[in-house]
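Report on the structure given below.
Heads up: numbering here begins at 1 and tracks the sequence.
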Amino acid sequence: MLAGGTDVFPAKANDAAWGRGREEPVLDLSAIPELRGIAQDPQGFRIAAAVTWSELLAADLPPDFDALRLAAREVGGRQIQNRGTLAGNLCNASPAADGVPPLLCLDAEVELVSLEETRRLPLSTFLLDNRSTALRPDELMSAIFVPRPPAGARSTFLKLGARRYLVISIAMVAAWLRPDADGKVAEARIAVGACSPVAQRLSKLEADLLGSPLDESLAATATPRHLEPLAPIDDVRASAGYRREAALTLVRRALAQLAAKPLGRVA
């Protein structure tokens, strides 16, 4: 099953080039109206499975979605953003999926439906491994849920690739902070992608940031030991060591951005 098809068709071409057969039927879901649109209620936001990256960028969403908006700008070119969907990015489950770190920082859940039941899973539970998810053969993803953010939350997203656009990530970081009334960190969420089979939240760093002042010292809180849960690999884009160093640099830059001032709306 597909909506945008931006991952399926390149995969089919790659299989053909390597002499691998991939001729199973494909069901296009993009015309189902119930799978479109972004809705909100007092509990949060429901992003239907066929919502595209361009539709997300055009939506009226609060500032703590800025990391996801910034990631949306990095997903391929304009044509891919017009066609590709957030849900497809999650179901493809690439370690370098741009949408995963921001959605992890938003505490997102996914809705999975079958003839027998509808169930919700935290995104962190849904993603199992490289190209592996908890989606059963009889299910499809129908929506992504994001809880309504607390007042004052802010977020950002940084991505490193071999060039500025149209590139698969070497490393990427999403960061989300909520300040308290005294200008200190009341809550923090930091996620790193493309440095493990599945993007990882840095729980130890998140705990160490609590109570820290939102000033120029915040970035220095992040140290190499905070990145120990990551498992970067050597591949054609970068070495494991380079990825680990790059991830630390991106984490520090993201924290510095969030400490400097509340981020404005991403256009």
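- In this structure, V198 and L128 have side chains that are not in contact, with every pair of non-hydrogen atoms separated by 4.5 Å or more.
- Under the rule for a ring pair (Phe, Tyr, Trp, His ring centres under 6.0 Å), the partners of F45 that lie at least two apart in sequence or sit in another chain are F65.
- Contact record, A194 with R243: O-NE, 3.2 Å, taken as the closest heavy-atom pair.
- Side-chain atoms of R154 do not come within 3.5 Å of backbone N or O of L177 as any donor-acceptor pair.
- Taking 4.5 Å as the limit, some side-chain heavy atom of L90 sits within range of a side-chain heavy atom of L123.
- Among residues at least two apart or in separate chains, salt bridge (charged side-chain N to carboxylate O under 4.0 Å, His left out) pairs with a member in residues 184-198 are D107-R189, R178-E187, E187-R189.
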Kindly indicate, with the supporting measurements, whether the criterion side-chain contact (heavy atoms from CB on, under 4.5 Å) is fulfilled by E55 and I47.
-> CA-CA 10 Å; E55 289 168 343; I47 304 171; over 6 Å; no
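- Here L210 pairs with V185 under the side chain to side chain contact (heavy atoms under 4.5 Å, CB included) rule; sequence neighbours left out.
- Screening residues 213-231 for salt bridge (charged side-chain N to carboxylate O under 4.0 Å, His left out), with sequence neighbours left out, gives D208-R225.
- Looking only at side-chain heavy atoms (C-beta outward), L158 and M172 stay at 4.5 Å or farther from each other.
- Screening T85, L86, V51 for a side-chain contact (heavy atoms from CB on, under 4.5 Å) with I144, the sole residue that qualifies is L86.
- Counting all heavy atoms, side chain and backbone alike, Q257 lies closest to T156 at OE1-OG1, 2.8 Å.
- Side-chain heavy atoms closer than 4.5 Å link hydrophobic residues (I, L, V, M, F, W, Y) into clusters, and following such links, possibly through other members, connects L248 to Y242.
- With sequence neighbours excluded, no residue forms a side-chain hydrogen bond (donor to acceptor under 3.5 Å, both in side chains) with S196.
- With sequence neighbours left out, R46 forms a salt bridge (charged side-chain N to carboxylate O under 4.0 Å, His left out) with E111.
- Looking only at side-chain heavy atoms (C-beta outward), L103 and L68 come within less than 4.5 Å of each other.
- The shortest heavy-atom contact between A247 and A171 is N-CB, 4.3 Å.
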Start with the C-alpha distance between N82 and T52, add both sets of side-chain angles, then the distance that settles side-chain contact (heavy atoms from CB on, under 4.5 Å), and finish with yes or no.
-> CA-CA 6 Å; N82 288 344; T52 68; 5.9 Å; no
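- Residues W53 and D98 form no side-chain contact, since every pair of their non-hydrogen atoms from C-beta on lies 4.5 Å or further apart.
- The two residues C91 and T133 have their closest heavy-atom pair at O-CG2, 3.8 Å.
- Residues in residues 103-136 take part in no ring-ring contact (aromatic ring centres under 6.0 Å, His included) pair, two or more places apart or across chains.
- In terms of heavy atoms, G99 sits closest to N89 at N-OD1, 3.0 Å.
- Of the possible donor and acceptor atoms, none in the side chain of D66 sits under 3.5 Å from a partner among the backbone N and O of S155.
- You'll find the side chain of V192 stays beyond 4.5 Å of the side chain of Q200, heavy atoms only.
- Under the side chain to side chain contact (heavy atoms under 4.5 Å, CB included) criterion, A259 pairs with L214, L218, not counting sequence neighbours.
- The shortest distance between side-chain heavy atoms of R252 and L255 does not fall below 4.5 Å.
- The salt bridge (charged side-chain N to carboxylate O under 4.0 Å, His left out) test applied to D64 returns no partner, not counting sequence neighbours.
- Judged as a side chain to side chain contact (heavy atoms under 4.5 Å, CB included), and not counting sequence neighbours, the contacts of R244 are L227, L230, P232.
- In this view, R136 and E117, D138, E139 satisfy the salt bridge (charged side-chain N to carboxylate O under 4.0 Å, His left out) rule, not counting sequence neighbours.
- The local environment of CZ in F145 is crowded, with over 12 non-hydrogen atoms from other residues, nucleotides or ligands closer than 6.0 Å.
- Among all heavy-atom pairs drawn from S132 and A93, the shortest one is N-CB, 3.8 Å.
- Taking a 6.0 Å sphere around CZ of R237, one finds it holds more than 12 heavy atoms contributed by other residues, nucleotides or ligands.
- For the pair V173 and P101, the minimum side-chain heavy-atom distance is 4.5 Å or more.
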Let me see the working for L209 and I190 under side-chain contact (heavy atoms from CB on, under 4.5 Å), right down to the final yes or no.
-> CA-CA 10 Å; L209 287 167; I190 313 294; 4.2 Å; yes
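- Between R119 atom CZ and S142 atom OG the span is 11.0 Å, to the nearest 0.5 Å.
- Partners of A58 by side chain to side chain contact (heavy atoms under 4.5 Å, CB included), not counting sequence neighbours: none found.
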